[in-house]
Peer 1: 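I am attaching a structure below and will ask some questions about it afterwards.
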Amino acid sequence: MGRIEPLLFLLLAVLTINSSCAFSLVKGATKRTTFASRLSASSENNELQPVRKVAIIGSGICGLSLAHALLKSGDIEIEIFDSRTELDEKVGSGIQLTGGMVALREISPQLQRNVADASLPLERVISRCRPWFGDNSNEPWKLLELDIQKAIRGSVEELITEDGEVLAYTILRGTLQRILHEELMKEHDTQVHFGKRLSGLDYSESDSGISLQFTDGESTGPFDLVVGCDGIKSVVKDYVNTGKTTSSNADGVETKGPSSAIYSGIRITFAIQEGDEADRDTAGAQFTQLFGNGAYALTSMYGAGKGEPAAKGAFLIYGDENYIGPFPKRKPEESSVKPLDENIDWTQDNRVPKDHINECLEVLQAASIPSNDIARIVEKSNRFFDLGVYFHNPFSLSGWVREFSKPNSGWFSGKTSKYAVLAGDAAHAMPPFLGQGGNQAIQDAVCLSTKIFQYNSQFQESTDADTVDLKVLLKEYESRRWLPTASITAKSVFLGYLEAGSSFFSNFRDAFFFVMGKVGVAEKVFMDSAKPKM
C-alpha cells in the first residue's frame with residue numbers, strides 16, 4: 001500500500017469538506033406543494049393517497065427494525081421478502097449498539113429492553129501494538145484506552161436513559177435478528193416471506209400500484225412504497241440507480257453489469273466461540289485491538305441472549321495481496337483471483353474450514369501480532385468466516401429515492417406518486433471499522449417511518465394548508481440521514497487503510513493512534529459516530 005496511503009489524509013479532508021456542500025444541495029432540492037398544485041398534480045397523475053401498503057425487501061437488522069417502526073401506526077400493512085431460506089442465528093459476527101439502541105427505544109421501549117437484556121454493556125476500547133524494538137515476546141505497547149461508559153456520561157447525553165443507563169452494548173448479529181424477528185411475530189403476527197429473491201419491480205396501471213416479481217416466477221402487489229433493505233447487492237438499489245433491476249439467466253444465475261459496491265482490498269477473517277458456563281457471569285465487554293506489521297487483530301465478547309453465556313470473537317484484518325488499496329495489481333482479465341464475498345453485514349454465511357483460519361494465524365505471526373488470546377479463541381471455535389470489505393460511494397448522483405413511471409408514457413404524464421426508497425446497507429454500505437453499520441440501519445428505520453407517518457397524517461385532516469408531497473418527505477429522510485452516514489463511511493474507509501496499512505506505514509499508524517488518544521480525537525470520533533442523528 002506504500003504510495004497510496006498518504007493520499008488518504010487528503011481524501012478524508014476532501015470528503016469532509018464536500019459532505020457539507022453535498023448535504024446542502026440535497027436539502028435544497030426539497031420543496032412543498034400547495035393545495036392548488038396538489039389538485040393540479042392529481043389531474044395529471046394518480047390522485048395522491050396515503051401510504052397503506054409497504055413492501056420491505058430484506059429481513060436483516062434494517063428491514064426488521066423498519067417493520068416494527070411502521071407497524072406502530074396500526075394503519076399501514078407491510079410485507080417482508082427475503083432471498084434467504086431462513087434466519088440462522090449461528091451466522092455472522094458480533095456488533096456494537098449505541099445510537100441504534102436509542103432508535104430501538106423510540107420504536108418500542110420493551111423491544112429495546114429485550115435487546116439490552118440479551119447484550120453485554122460495552123465498557124472500554126484498548127489499542128496495543130507490537131513493540132518497535134526487541135522481539136514479539138515483549139509486552140505490547142499501549143496506544144490508547146477509551147473508557148466508553150465514562151466518555152458517554154461526559155459528552156453524549158442522548159445515550160443515557162432517564163434512569164442513568166448507558167446505551168452502549170455488544171451483541172451477536174444473529175441474536176439481534178432473532179429477537180427482532182420473534183418480537184415481530186409475537187407483537188404484530190407478521191411473518192417474513194423467505195426464499196423470495198427479487199428479480200423485478202414496476203408500476204401496474206391495472207392495480208394502480210407497484211408490482212414485485214421474484215425469481216421463482218411468482219409476483220405480488222400492489223404496493224404504495226417499496227423499501228430496499230437488501231444490502232450492498234441490493235436489487236432495489238439497481239432500480240433506483242438505473243430504472244432497471246438485476247436479471248437472471250436460464251439457469252437462474254444472476255447476471256448484472258458493474259456493481260456499485262467498491263471492494264476495499266481489505267480482508268477480514270474471524271472466528272466465533274460460543275460461551276460456556278465460565279462466561280455466563282460476564283459483566284461487560286472490552287474491544288482489544290492488537291496492531292502489527294500490515295495487519296491487526298481484534299478480540300471481544302458479545303451478548304448471545306438473555307441468560308446465555310457470552311460469546312467470544314477473534315478477528316484478523318489485513319490487506320488483500322492482490323490489491324493495492326481498492327485497485328487490483330493486475331487487470332481483471334489477467335487475474336484468476338476474484339474478490340472475496342461481501343461484508344458479513346450484507347450476507348448471511350461466509351463460512352470457511354478451520355484449516356483456513358490456521359493459515360491466518362500464520363499471518364498473525366508474520367505481522368508480529370501477539371496472538372495468544374486469538375489462538376485460544378480459534379482453537380475452541382466452531383464458526384469461521386472469511387470475507388472482503390466492501391462499501392458504497394456516498395457521493396452517488398442517483399440518491400436513495402426513485403419514482404415509478406407508467407409504462408410507455410412521457411416524463412410528465414407518466415408520474416405515479418409511487419416510490420422505491422433505500423435504507424441501511426442498500427443506501428450506505430460502510431466498512432465495519434467504526435462498528436456503525438447496524439446502528440445506522442436502525443436509525444434509518446426510525447427516520448424513514450417518521451416521514452411516512454408525517455405524510456399520512458395530512459390525509460386525516462381536510463385543509464387548504466400547504467401539503468407536503470411524499471417525494472419531498474422521502475428526500476428529507478435522505479438528506480437527514482446522508483450526512484452522518486457519509487461521514488462515518490469516509491472515516492471508516494480511512495481507518496481501514498490506516499489500521500491494516502503496510503509494514504512501512506505501521507509505525508506511523510502506531511504513533512498516530514497514540515497521539516490521537518492523548519489529545520482526545522479518538523474519543524471524539526467514536527462518540528460522534530455513536531451519537532444518534534435521526
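Bear in mind the structure is a predicted one, so any value in this text is a computation, not a measurement. In what follows, every heavy atom counts, from backbone to side chain, and hydrogens, waters and symmetry copies are set aside.
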Peer 1: Do K196 and D82 sit within salt-bridge range, that is, some charged N less than 4.0 Å from a carboxylate O?
Peer 2: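 No, this pair does not count.
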Peer 1: Provide the closest heavy-atom pair for Y296 versus A500 in the form atom of the first, atom of the second, distance.
Peer 2: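 Closest pair (atom of Y296, atom of A500, distance): CD2-N, 4.3 Å.
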Peer 1: Taking the inter-plane angle between the rings of Y263 and Y390 on a 0 to 90° scale, is it parallel (under 30°), tilted (30 to 60°) or perpendicular (over 60°)?
Peer 2: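 Ring orientation of Y263 relative to Y390: tilted.
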Peer 1: Between F270 and F315, is the gap from one ring center to the other below 6.0 Å?
Peer 2: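 Under 6.0 Å, so yes.
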Peer 1: Before giving the answer on side-chain contact (heavy atoms from CB on, under 4.5 Å), spell out for R267 and L387 the whole-Å C-alpha distance, their side-chain angles and the decisive distance to 0.1 Å.
Peer 2: CA-CA 6 Å; R267 296 173 60 174; L387 48 104; over 6 Å; no
Peer 1: Could I get the full list of side-chain hydrogen bond (donor to acceptor under 3.5 Å, both in side chains) partners for Y302, not counting sequence neighbours?
Peer 2: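 Y302 satisfies side-chain hydrogen bond (donor to acceptor under 3.5 Å, both in side chains) with no residue once adjacent residues are dropped.
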Peer 1: My understanding is that only residues two or more places apart in sequence, or in another chain, count here; which of them pass side-chain hydrogen bond (donor to acceptor under 3.5 Å, both in side chains) with Y169?
Peer 2: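 Applying side-chain hydrogen bond (donor to acceptor under 3.5 Å, both in side chains) to Y169 gives E165.
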Peer 1: Between H428 and W400, how do the two ring planes meet: parallel, tilted or perpendicular, split at 30° and 60°?
Peer 2: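 Plane angle between 30° and 60°, so tilted.
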Peer 1: Do NZ/NE/NH1/NH2 and the carboxylate oxygens of E321 and K329 come within less than 4.0 Å?
Peer 2: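 No, this pair does not count.
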Peer 1: Is there a salt bridge (Lys or Arg N to Asp or Glu O under 4.0 Å) between D444 and R481 once you walk through the steps?
Peer 2: CA-CA 7 Å; D444 283 355; R481 295 294 303 140; 2.6 Å; yes
Peer 1: Identify whether the distance between the nearest side-chain nitrogen and carboxylate oxygen of K244 and D238 falls below 4.0 Å.
Peer 2: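 Not counted as a salt bridge, because no side-chain N and carboxylate O are separated by less than 4.0 Å.
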Peer 1: On a heavy-atom basis, which atom in Q177 and which in L64 lie closest, and how many Å separate them?
Peer 2: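 Nearest heavy atoms, Q177 then L64: O-CD1, 3.7 Å.
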Peer 1: Report the residues that fulfil salt bridge (Lys or Arg N to Asp or Glu O under 4.0 Å) with E158, sequence neighbours left out, ordered by chain and then residue number.
Peer 2: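 Only K531 meet the salt bridge (Lys or Arg N to Asp or Glu O under 4.0 Å) criterion with E158.
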Peer 1: With a 4.0 Å cut-off, would you call R480 and E476 a salt bridge?
Peer 2: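 Looking at E476 together with R480, the answer is no, because their closest N to O distance does not fall below 4.0 Å.
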Peer 1: Check residues 521-529 and write down every donor-acceptor pair under 3.5 Å in which the side-chain atom is one partner and the other belongs to a residue at least two apart or another chain.
Peer 2:
residue, atom, partner, partner atom, Å
D528, OD2, K491, NZ, 3.3
S529, OG, V525, O, 3.1

Peer 1: Locate the shortest heavy-atom distance separating D469 from Y419; write the atom from each residue and the value.
Peer 2: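 Looking at all heavy atoms of both residues, the shortest contact is OD2-OH, 3.4 Å.
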Peer 1: Suppose we screen for side-chain hydrogen bond (donor to acceptor under 3.5 Å, both in side chains). Which residues come up paired with Q436, at least two apart in sequence or across chains?
Peer 2: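 Q436: side-chain hydrogen bond (donor to acceptor under 3.5 Å, both in side chains) contacts with T98, Q440.
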Peer 1: Any donor-acceptor pair under 3.5 Å linking the side chain of S264 with the backbone of P326?
Peer 2: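 No; zero donor-acceptor contacts below 3.5 Å.
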Peer 1: Which heavy-atom pair separates T416 from S405 by the least distance, and what is that distance?
Peer 2: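 In terms of heavy atoms, the two residues are closest at CG2-C, 3.9 Å.
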Peer 1: Do the side chains of E499 and R509 get close enough for a salt bridge, i.e. N-O under 4.0 angstrom?
Peer 2: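 Salt bridge absent between E499 and R509.
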Peer 1: Does T175 have any side-chain hydrogen bond (donor to acceptor under 3.5 Å, both in side chains) partners at least two apart in sequence or in another chain, and if so, which?
Peer 2: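 Partners of T175 by the side-chain hydrogen bond (donor to acceptor under 3.5 Å, both in side chains) criterion, ordered by chain and then number, come out as E89.
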Peer 1: Do Y239 and F404 make the cut of ring centroids closer than 6.0 angstrom?
Peer 2: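 Yes, ring centres under 6.0 Å apart.
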Peer 1: Within a radius of less than 6.0 Å around CD of E205, do more than 12 heavy atoms belonging to other residues, nucleotides or ligands occur?
Peer 2: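 Above 12, so yes.
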